[in-house]
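Reviewing the structure listed below.
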Amino acid sequence: MNYIKSKDWELPENFVTDERLFNERRKFLKLGAALAVSTAGVMDLAAKEFVPSPNLEYLKEPNLQKLTLNSYEQISSYNNFYEFSTNKKDVKPLAQNFKSAPWRITIDGLVERPIEIDMEKLMKKFPLEERIYRFRCVEGWSMVVPWVGFELSHLIKHVKPLSGAKYVRFVTLYDPEQFPDQKRSSFVALEYPYIEALRMDEAMNPLAFMATGLYGHTLPPQNGAPIRLTLPWKYGFKSIKSIVRITFTDSQPLNTWQKMAPKEYGFYANVNPHVDHPRWSQARERVLGKFLKQNTLMFNGYENDVAHMYKGMDLRKLF
Amino acid sequence: MLFVTEVEDPIKYIYSITGATALTLLYLTTSISMLKRAVNFIKYRRTVGWFSFFYACLHMLNFVILDMELDLALAIEETLEKPFIYLGNIAFLILLFMAITSQKSLFSKFYKYHKVIYVAILLTSIHFVMAQKALSVDQWIYLLIMGIIVIFKFLQRSKILNI
């Protein structure tokens with residue numbers, strides 16, 4: 001009798017995966033993964049898809065604290081940038097035509113070497129590095145952001161402040177043609193240009209960082225392109241965006257929010273779970289993308305690095 | 001999943017949507033009362049009021065369940081400490097009272113107390129403004145509507161306006 005003896009490694013025809021399914025297997029795996037893991041996991045997956053390919057060269061941060069990053073999408077679609085709009089979701093669409101190049105920054109005041117420099121040239125002066133920072137908004141929400149940029153202290157050392165320089169004052173661009181809220185004649189959200197300031201020792205703290213990028217890519221306009229400050233131990237409004245001028249002064253400048261509502265916002269604006277905003281609690285925070293809140297940490301978790309600067313100060317009065 | 005990935009700050013989002021809806025419906029309820037002689041929509045008034053209360057309930061549940069995470073002691077502490085929160089809670093109690101006494105059997109006895117809705121409107125509007133860091137144009141519009149209602153009511157009561 002003649003019969004075909006199948007070898008023991010042979011599989012029957014009906015075991016063969018359909019070509020269509022075979023070609024779509026990655027999609028299928030992704031779908032399976034998306035269903036299996038938690039929503040946070042799904043968001044990570046979604047996040048990875050939306051990150052623009054990196055265009056900056058920088059030193060990676062190892063993320064030793066193992067902070068869970070917020071997605072590029074979250075960081076770049078939920079923005080407080082009143083020059084565009086007071087609605088956080090409206091900022092991104094309104095910011096798309098923002099011209100952040102060419103961009104000139106003036107550094108003046110009590111410095112040995114006042115300069116006026118193009119953003120492009122400034123970027124080349126300092127090697128870029130990544131900093132994964134917690135970001136806590138005074139409104140009660142927070143996120144974790146992988147910034148790219150350089151330490152503010154590098155820039156300060158470069159311009160050599162004079163001994164009389166006690167404070168550093170930052171100014172955002174004033175351009176009603178580009179910022180719809182600056183163009184308004186009434187119902188303006190804030191007084192412009194936006195101003196923020198730091199005490200000299202705060203500005204020299206290694207945590208104070210000038211960000212020019214996000215997720216390895218040049219900053220999108222809604223996050224403060226082309227250059228912004230990031231101060232992880234202070235409430236977000238201190239981290240001024242789209243900076244055009246940095247001035248060294250001998251007296252304490254009045255920052256925009258303190259001018260607007262001095263009982264609610266101070267000069268320091270250090271993250272402090274024990275000192276509430278007059279209208280709402282600061283003890284806890286809502287991490288973007290999560291339903292459950294978490295405790296806010298003293299100085300937003302950077303106590304060891306910054307607490308010494310505020311020793312002996314009454315943080316309830318100097319909030 | 002769509003909801004979670006689209007909304008960055010879910011608790012805040014639920015507050016905004018339910019709060020603004022409840023307030024809008026509250027404005028609508030009083031408008032129906034005030035304009036009843038011009039346009040008679042009085043038969044819908046209770047339904048609109050109930051819907052407003054329904055959204056206020058969702059708003060309150062968001063406060064207790066998601067924001068305070070069912071920690072009632074914390075919820076009470078926050079309420080007593082922050083004017084912004086107790087104004088909202090008082091307004092909620094007023095709406096609760098109105099919702100209960102709007103049943104047919106109770107309404108005849110209690111309708112005269114339903115004027116407290118103007119207190120609720122005032123408190124809710126203040127609560128709404130206090131929740132913002134800075135007022136946007138949309139929020140000014142809410143205040144404008146509230147102003148119109150108050151002025152209208154005043155003129156009506158003092159018989160200057162005969163509608």
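Values reported hereafter were calculated over all heavy atoms of this structure, with side chains retained and with hydrogens, waters and symmetry mates removed. To find a chain, count down the sequence lines: A is the first, B the second, and so on, and within it residues start at 1.
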> Checking heavy atoms, do the side chain of A/N80, its backbone, both or neither come under 4.5 Å from chain B?
Replying inline: side chain
> With sequence neighbours excluded, what pairs up with A/F170 under the ring-ring contact (aromatic ring centres under 6.0 Å, His included) test?
Replying inline: none
> A/N295 and A/R284: side-chain donor and acceptor closer than 3.5 Å?
Replying inline: yes
> chain B heavy atoms under 4.5 Å from A/R279: which part of the residue, side chain, backbone, both or neither?
Replying inline: both
>> Does this structure show an ion pair linking A/K89 with B/E8, if we count only N-O contacts that are shorter than 4.0 Å?
In response: yes
> What part of A/L292 gets closer than 4.5 Å to chain B, counting heavy atoms only: side chain, backbone, both or neither?
Replying inline: both
> Is it true that the NZ or CZ of A/K238 lies under 6.0 Å from the centre of A/F267's six-membered ring and within 45 degrees of the ring axis?
Replying inline: yes
>> Under 4.5 Å from any heavy atom of chain B, what part of A/W280 do you find: side chain, backbone, both or neither?
In response: both
> Any side-chain heavy atom of A/R184 within less than 4.5 Å of one from B/V137?
Replying inline: yes
> Which residues in residues 94-105 of chain B have any heavy atom lying under 4.5 Å from a heavy atom of chain A?
Replying inline: none
> For the ring pair A/W233 and A/F299, is the centre-to-centre distance below 6.0 Å?
Replying inline: no
> Can you tell me if A/Y192 and A/D181 form a side-chain donor-acceptor pair at under 3.5 Å?
Replying inline: yes
>> I need the contact set between residues 111-133 of chain B and chain A: heavy-atom distance under 4.5 Å, sorted by residue number.
In response: B/V129, B/M130, B/A131, B/Q132, B/K133
> Checking A/D276 against chain B: side chain, backbone, both or neither under 4.5 Å from a heavy atom?
Replying inline: side chain
>> Test your reading of the model: is there a side-chain donor-acceptor pair from A/T230 to the backbone of A/A211, 3.5 Å cut-off?
In response: no
>> Within the 4.5 Å heavy-atom criterion, are A/T296 and A/S142 side-chain neighbours or not?
In response: no
> What part of A/V188 lies closer than 4.5 angstrom to a heavy atom of chain B: side chain, backbone, both or neither?
Replying inline: neither
> Would you say the side chains of A/Y72 and A/H217 form a donor-acceptor pair under 3.5 Å?
Replying inline: no
> Does a side-chain N-to-carboxylate-O contact under 4.0 Å join A/K88 and A/E139?
Replying inline: yes
> What residues of residues 62-84 of chain B sit under 4.5 Å from chain A when you count only heavy atoms?
Replying inline: B/L66, B/D67, B/E69, B/E78, B/E81, B/K82, B/F84
> Quick check: does any side chain N or O of A/Y265 sit under 3.5 Å from a backbone N or O of A/F319, one acting as donor and the other as acceptor?
Replying inline: no
